[in-house]
Structure formats: C-alpha cells, structure tokens
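Presented below is the structure to which this report refers.
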Amino acid sequence: MSQVTVKVNGRDFALSCDDGQEARIRRLAQMVDARVGEFAASLGQIGDARLILLGALVLADELAEANDALQRAGSPAPGSEGTEGAAQSIRDIAKRIESIAARHKAP
C-alpha cells in the first residue's frame with residue numbers, strides 16, 4: 001500500500017491506495033477539488049464536509065447520467081438503426097452535458 005496526500009478546499013488529506021495508483025488518486029482529487037472550488041466560490045466556505053458532499057453528489061450525478069447514456073447507446077430505440085441511432089444518442093448526451101453545465105454555473 002502506498003500513501004498519497006491530496007488537497008481539497010485548501011486542506012491536505014492523507015490517503016492510502018494500491019501501489020501505482022497515486023497519480024490516479026491525485027487526478028481524481030483534483031476533479032473533486034475543482035467542484036468544491038466552484039461551490040465555495042458561489043456559496044462561500046460553508047464547511048469542508050458540505051462542500052465535499054456537494055462536489056461528490058455532482059460528480060455522482062454526472063457519472064449516473066453518463067452510464068445511463070451509455071446504456072441507451074448500447075440498446076438503440078426501436079426503429080432507429082445504424083448511424084442515425086448513434087447520432088441521436090450523441091445529441092442526447094450533448095444536451096444532458098449542457099444541462100449539467102448550466103445547472104452548475106456560478107450565479
């Protein structure tokens with residue numbers, strides 16, 4: 001097991017991870033920190049736990065939507081075939097991404 005220290009909301013967190021996973025953990029922590037930074041900028045410093053929870057929920061929501069989109073892309077709607085079905089799936093995914101981005105813009 002390896003140890004890695006990540007920074008979220010200006011605070012250091014020491015974590016254990018499998019050997020060789022340090023860089024991945026740092027990248028993931030940077031994603032969380034970016035979300036937390038967005039919330040801190042718009043809501044203020046409402047506490048590490050709340051900010052990290054909000055960041056985690058947004059990332060989980062995006063992951064769930066991406067997984068749903070992949071499932072829909074894997075089983076096209078009845079009547080849609082070939083490239084048209086794939087193109088529609090891509091358009092649907094783009095709309096969902098734009099919707100997520102719009103919901104999380106700072107006021």
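Model, not experiment: these values are computed from the prediction.
- Side-chain contact between I46 and L51 is present, with heavy atoms from C-beta onward closer than 4.5 Å.
- Atom SG of C17 sits about 4.5 Å away from atom CD of E22, to the nearest 0.5 Å.
- Both V36 and M31 are members of a single hydrophobic cluster when ILVMFWY side chains are connected at heavy-atom separations under 4.5 Å.
- Nearest heavy-atom pair, M1 versus D19, reported as atom, atom and distance to 0.1 Å: C-OD1, 3.4 Å.
- Look at R11 and D48 and you find a salt bridge, because one of the NZ, NE, NH1 or NH2 atoms lies within 4.0 Å of a carboxylate O, short of that distance.
- For the pair A40 and N9, the tightest heavy-atom approach, listed with the atom from each and the gap, is CB-OD1, 4.2 Å.
- Looking only at distances, no side-chain donor or acceptor of D12 sits under 3.5 Å from a matching main-chain atom of K7.
- Between the CZ atom in R50 and the CG atom in L43 there is a gap of 10.5 Å [rounded to 0.5 Å].
- At distances below 3.5 Å, not a single donor-acceptor pair connects side-chain atoms of E62 with backbone N or O atoms of A60.
- No single ILVMFWY cluster, assembled from side-chain heavy atoms under 4.5 Å apart, contains both F39 and L53.
- The minimum heavy-atom distance between V32 and L59, with the atom names listed, is CG2-CD1, 3.8 Å.
- Atom CD of residue E38 and atom CZ of residue R35 lie 5.0 Å apart, to the nearest 0.5 angstrom.
- The nearest pair of heavy atoms linking L15 to I25 is CD1-CG2, 3.9 Å.
- Summarising the geometry of V8 relative to F13, their closest heavy-atom pair is O-CE1, 3.8 Å, with the distance given to 0.1 Å.
- Considering L63, N67, D61 as possible partners of E65, the one that fulfils the side-chain contact (heavy atoms from CB on, under 4.5 Å) test is D61.
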